[in-house]
Amino acid sequence: MGQVWYNSEINDVSKELQVDPSKGLSTSEVEERLSKHGHNELKEKEKETIFQKIFNQLNDFMTIILIVASIVSFAVGEGVDAVVIIAIVVVNAFLGVLQEGKAEKALEALQKMSAPNAKVLRNGKIEIVPSRDLVPGDVIVFEAGDLIPADARIIESSNLKIEEASLTGESVPAEKYANAKLQGEVGIGDRINMAYMSTVVTYGRGKAIIVETGGNTEMGKIADKIQEIDNENTPLQNKLNQLGKWLGIICIAVCVLVFVVGLLRGEEPLEMFMTSVSLAVAAIPEGLAAVVTIVLALGMKRMVSRNAIIRRLLAVETLGCVDVICSDKTGTLTQNEMTVKKIYTYGKFFEVTGQGYDPAGEFRAEGEAINPENFEDLKLFLPAGVLCNDASVEKKEDGSWGILGDPTEGAFTVAGLKAGYSREEMNAKYPRIEELPFDSERKMMSTFHSNFVSGIISFTKGAPDIVLDRCSRILVNGKAVELTKEMRQEITKANSSFANEALRVLACAYREYAALPEAITSETVEKDMIFIGLMGMIDPARPEAKDAIITCKQAGIKPVMITGDHRDTAVAIAKDLHLMEEGDGVLSGNEIDALSDEEFAKVVETTSVYARVSPENKVRIVETLRKNGHIASMTGDGVNDAMALKKADIGVAMGITGTDVAKGTADMILTDDNFASIVHAVEEGRVIYSNIRKFVFFLLSCNVGEILIVFLALLMNIPTPLLPIQLLWLNLVTDSFPALALGTEKGESDIMNQKPRKADEPILDRSMLIGIAVQSISLVGAVLGIYLWALNKFPNDIDHARTYAFVTLILAEVLRSHSSRSERDSIFKMGIFSNKTLIYATVLCFFLLGVVIYVPFMRDIFQTVPLNLFDAEMVIVFALIPLVLGELFKLVRRKFNI
C-alpha cells in the first residue's frame with residue numbers, strides 16, 4: 001500500500017484500512033480482502049527437478065570433454081574405454097547431486113515459523129483462525145507466549161514486550177507502546193509501535209491492526225530476497241573450470257598436431273586418429289573431478305568431528321581463502337543469555353562470575369571471593385531481585401540451563417541462585433500477596449511479601465533514575481539512613497560507570513509495612529522507598545571467542561561484528577573480545593544508508609563494528625567487501641541474517657540457537673554455536689586446498705608425462721609405448737588412489753600463521769609449473785629409456801616392451817606420490833610412513849598391477865606379459881629416477897628459494 005505504518009496515528013491506520021478497532025472486519029470484508037491480497041503465507045520459488053540438478057552437475061567444461069572423448073572412443077571401436085569414461089562422469093555427477101542436491105529449506109523454515117493460528121476480532125467477537133487466513137485490516141489480540149502472525153500496527157499495549165532477536169539481532173525484548181509517535185525513517189529495531197510476523201510476545205498483552213500479510217511483511221521481503229540471490233561459483237569451481245578449459249584446449253591442440261604430423265609423414269589416417277584419441281585419453285586427467293569430489297567429501301566428514309556441517313560440497317575449500325569473517329553478535333560472539341556481571345550497594349562494588357544461565361558462579365569484592373551472607377546490604381539485595389521477579393530457571397535434558405520468562409528477570413534469578421536463593425524456596429518462605437506489574441511507562445515493578453521481620457515488605461525494581469527518584473532513604477550496612485544529595489550523586493556515578501561498560505542497569509528498593517496497604521497504586525506505595533543497590537547485566541561474550549579472534553588475526557583474517565544491537569553495547573563487546581582495535585571504525589545502519597557506494601567501499605576497509613543494522617545493511621556490507629576483492633564469510637543465527645548468509649562466499653549458521661531459516665540458507669552450520677569452530681573450519685579449509693594442490697600437481701605431472709611419452713614416441717617414429725586402455729588404467733587407478741591419499745595429508749603446523757590466499761590465485765602457479773616440468777621430464781626419461789632398451793632386447797615382442805613401459809610408469813608414479821606430499825620438505829622430514837593412507841594406496845596399486853600382468857584374462861585386455869625377476873629389477877631401477885630427481889629438485893629449491 002506504500003504507507004509508512006509506524007509514522008501513522010492509530011486513527012489514520014484504521015481509516016486507511018477501513019476497520020473499526022472495536023469490532024474488527026466482517027466475514028464478507030475478509031473474503032473480499034482475501035481474494036485481493038491472497039493468503040498470509042510466503043510463496044515458494046519453483047524448485048529444481050532432479051534432471052535439472054543432474055544437468056547442472058554435467059554442465060562443466062571438463063565433464064563435456066570427457067563425454068566427447070567417450071563418444072569418440074565408442075565410434076572407433078574402443079567400447080571399454082568409452083564405458084569407463086562414462087562411468088566416471090555418472091559417478092561424479094551422482095556424488096555431486098548427493099552432497100549438494102537438497103532443496104532450499106529457507107522458505108519452508110520461514111513458513112514453519114509463522115503462527116499456525118491467531119486470535120482475531122471479527123464481527124465484534126474474538127475468534128481463533130488459521131494465520132494464513134488473516135488479511136490487512138484484521139484486528140488481532142495477543143499476550144505473553146503468542147507469536148505475531150503478520151506485520152501489525154499496535155493500537156493497545158499493556159506492559160508489552162516482544163522478542164525480535166531473530167529479526168533485528170537485539171538480545172533484549174523490545175518494549176512496545178501503542179501511542180508512540182515516530183517520525184521519519186526508523187529502523188526495524190526502533191519501531192516501538194509495530195509488531196512483526198514470527199516475533200514472540202514475552203511480556204504483557206496487546207491489540208493491533210494487521211497492515212501487511214504474506215510476501216509484503218518484513219519476513220516476506222526477506223524470503224523474496226533470499227530467493228533472488230543466486231548461488232555463485234566458489235573460488236575452487238572457478239579455478240577448476242579454468243584448469244579444465246586450458247587442459248581441453250591443450251588436448252585438442254596436441255591431438256590435431258599429432259594427427260597432422262602423422263598424415264604429413266604418410267601414416268594411415270585411421271591409425272593416426274587412434275593415436276590422437278590415445279593422446280586425448282592421456283591428456284585428460286579423468287580421475288581429477290572424482291578425486292576432488294571425494295576429497296572434499298572426506299573434508300566434510302572431518303569437519304563434522306570439529307562441530308561444523310557443510311551443506312555445499314565446494315564450500316569446504318572456500319573456507320581456506322576467507323579473509324573477512326562478518327559475525328552477528330547476539331548468540332554468535334555472545335551467549336544470548338543476559339548475565340549479571342556487577343552489583344553495587346552503597347560504597348561497595350561486587351563482581352559476579354559465571355556463564356549465561358548456569359547457576360554456577362561466585363561473588364567477588366576487590367578481586368577476592370566473598371560470601372554474600374557476610375554483607376548485610378547484599379543479603380537483602382539478592383532476595384529482592386529473586387522475589388520481585390516472574391522468571392524461573394530450568395535445567396534442560398541436554399544438561400544446559402535456560403530460563404522461562406523475560407531474559408532480564410532471568411538474570412536476576414540466576415544471580416540469586418549463585419548465592420543460594422532459590423526462587424521457589426523464597427516464594428514459599430515469603431509468599432507474594434500483592435503486586436504492581438511492570439509498566440512500560442513507569443518502568444518499574446513491585447511485589448508485596450509476607451512473613452518478613454517487619455511483617456509486610458514490598459520490593460521494587462526498575463530503571464535506576466526513576467527508582468532513585470522515588471527513594472528517601474538508603475540501606476547502609478543493614479540500616480536505613482537518610483538518602484543525602486551526596487549519596488544520590490555517588491549512586492548516579494556508579495550507574496554511569498555501569499552504563500559506560502554497556503551494562504543494562506536496574507535498581508532495587510524496598511519499603512516496609514505493618515499491614516498491607518488498602519490502596520495498591522504506584523502513587524501510594526512506590527514512594528518514600530529505601531534504596532538497596534544497582535545490578536548491571538549484559539549478554540556476555542563467549543569466553544572461547546576471544547582466543548578465536550586472536551587466531552583469526554594471526555591468520556590474516558579480519559573479524560567484523562554486525563549486529564542489530566545498540567552502538568555502545570556492540571563496541572563494549574568488541575573491545576572485550578579484542579575484535580576492535582585503536583583506529584577501527586564503528587558505523588550504524590543509518591550512517592551506512594547515508595554513504596554512497598564509493599564512500600562505503602573505502603570506509604568498509606577500516607570498520608570493525610556495525611550496529612543497529614537492517615538485513616539490507618548486512619547484505620550491502622557483504623557485497624561491498626566482495627567487490628573490494630575479499631572472500632567474505634557471514635556468521636549468524638537469525639532470520640535477519642539469512643540474506644547476508646546466502647550472499648556471502650561462505651554463510652555460517654549457528655546449529656543450536658540458529659533459526660531454521662539461517663540453517664537452510666547457510667553453507668555451513670556450527671553444531672556447537674562456537675565462534676572458535678569457525679576458525680577450526682577455516683584451518684581445515686586451508687588444509688584441504690593445500691592437499692588439492694598436492695594431488696593436482698601429482699595428477700597433472702603424470703598426465704603431462706604420459707602425453708610427452710606418446711608424442712615423443714611418435715616423433716621418433718617408434719611404436720606407441722602405451723595403449724589407450726593402459727592410459728585409462730593409469731589415470732583412473734594408478735593415479736587416483738595415491739591422489740586420494742594425498743588428500744588426507746595433515747596440514748603444516750604453521751598453516752594458520754600464513755596469510756589467506758587471494759581468490760584469483762591460480763592453482764597452477766609458477767612454483768607448481770616448475771615442479772610439473774621437472775617431474776614430467778623425469779617420467780619421460782625413465783619410461784622412454786626403459787622402453788627403448790626393451791625394444792632393442794625384444795625386437796619382435798612389442799607387448800613385452802610395452803609392459804616394461806607400463807609397469808615402469810606405474811611404479812614411478814606410485815613412488816613419486818610420496819615425494820608429492822610436500823613441495824619443499826623431503827620425504828624423510830615428513831616421515832616415510834606418516835601418511836598411512838598413502839601406504840595403503842601404494843600396496844593396493846602394487847597388488848592391482850600384479851593382477852594386470854599376471855592374471856590371464858586381464859593380460860588379454862591390457863596386452864601385457866608377465867615379468868620375471870630380472871625384468872622387475874630393471875623396472876625398479878628406472879622407476880626410482882623420478883623420485884630421486886624430485887627430491888634433489890626440492891633440495892635445490894630450498895637452498896636457492898626457487
Side-chain angles (χ1 to χ4, degrees), residues 172 338-354 359 361-389 407-421 443-446 457-511 526 529-540 568-569 572-573 576:
V172 178
M338 292 300 291
T339 305
V340 173
K341 305 303 290 183
K342 290 188 175 182
I343 294 174
Y344 168 82
T345 61
Y346 185 71
K348 299 182 181 68
F349 286 90
F350 303 92
E351 294 181 0
V352 186
T353 66
E362 62 182 13
F363 294 80
R364 293 178 173 271
E366 298 180 353
E368 299 292 331
I370 56 103
N371 183 352
E373 288 292 316
N374 297 332
F375 294 80
E376 293 296 326
D377 300 347
L378 193 58
K379 195 164 64 172
L380 183 61
F381 181 87
L382 292 169
V386 171
L387 289 169
C388 187
N389 198 318
T408 301
E409 292 196 329
F412 266 94
T413 305
V414 173
L417 273 176
K418 290 176 181 179
Y421 299 113
K443 296 185 181 297
M444 289 186 293
M445 171 185 180
S446 296
I457 191 170
S458 69
F459 290 114
T460 299
K461 75 171 189 293
D465 54 340
I466 295 175
V467 171
L468 183 60
D469 190 53
R470 300 290 187 98
C471 293
S472 58
R473 291 179 292 169
I474 184 172
L475 192 67
V476 180
N477 297 325
K479 295 181 180 180
V481 300
E482 182 183 354
L483 182 60
T484 65
K485 181 179 179 181
E486 290 75 16
M487 288 177 169
R488 290 180 184 275
Q489 290 175 345
E490 186 173 331
I491 295 168
T492 302
K493 184 178 179 181
N495 180 42
S496 298
S497 69
F498 281 9
N500 289 338
E501 296 178 48
L503 297 176
R504 181 180 175 84
V505 188
L506 290 180
C508 279
Y510 75 101
R511 186 175 174 184
E526 290 177 336
M529 296 186 293
I530 303 169
F531 187 86
I532 311 175
L534 304 172
M535 181 176 285
M537 65 193 75
I538 197 170
D539 177 14
D568 292 344
T569 304
I573 294 292
D576 181 43

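Values reported hereafter were calculated over all heavy atoms of this structure, with side chains retained and with hydrogens, waters and symmetry mates removed.
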For Phe350, all residues meeting ring-ring contact (aromatic ring centres under 6.0 Å, His included), sequence neighbours excluded: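 Per chain and number, Phe350 pairs via ring-ring contact (aromatic ring centres under 6.0 Å, His included) with Phe375.
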
Residues that Tyr344 engages under ring-ring contact (aromatic ring centres under 6.0 Å, His included), provided they are two or more places apart: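 For Tyr344, the residues satisfying ring-ring contact (aromatic ring centres under 6.0 Å, His included) (neighbours in sequence not counted) are Phe349.
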
Mind checking whether [X] and [Y] have side chains closer than 4.5 Å, heavy atoms only?
X	Y	value
Ile538	Ile573	yes
Glu351	Ile370	no
Leu483	Ile491	yes
Phe531	Leu468	yes
Met535	Phe498	no
Val467	Met444	yes
Phe363	Ile343	yes

Atom pair [atom1] ([X]) and [atom2] ([Y]), whose distance is rounded to the nearest 0.5 Å:
X	Y	atom1	atom2	result
Glu362	Glu368	CD	CD	10.0 Å
Ile457	Leu387	CD1	CG	9.0 Å
Arg504	Thr339	CZ	OG1	13.5 Å
Glu373	Leu378	CD	CG	9.0 Å
Thr460	Glu526	OG1	CD	5.0 Å
Ile532	Tyr510	CD1	OH	6.5 Å

Between [X] and [Y], is there a donor-acceptor pair closer than 3.5 Å when you use the side chain of the first and the backbone of the second?
X	Y	result
Lys418	Thr353	yes
Asp539	Met338	no
Lys443	Ile466	no
Asp568	Ala502	no

Between [X] and [Y], which heavy-atom pair has the shortest distance, and what is it?
X	Y	answer
Arg473	Ala480	NH1-CB, 4.1 Å
Asn495	Pro464	OD1-CG, 3.6 Å
Gly354	Lys341	O-NZ, 3.9 Å
Gly385	Phe412	CA-CD2, 3.3 Å
Gly478	Asp377	N-OD1, 2.7 Å
Ala415	Leu382	O-CD2, 4.3 Å

Check against salt bridge (Lys or Arg N to Asp or Glu O under 4.0 Å), Glu501 and Lys342: CA-CA 10 Å; Glu501 296 178 48; Lys342 290 188 175 182; 2.9 Å; yes

More than 12 heavy atoms of other groups within 6.0 Å of Gln489 CD: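 Atom CD in Gln489 is packed in, count exceeds 12.
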
Atom CZ of Arg470 with >12 non-hydrogen neighbours under 6.0 angstrom: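 Yes, because the 6.0 Å sphere around CZ of Arg470 holds more than 12 heavy atoms from other groups.
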
Basic-acidic side-chain contact under 4.0 Å: Glu376, Lys379: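 Here Glu376 pairs with Lys379 in a salt bridge, since their nearest N and O are under 4.0 Å apart.
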
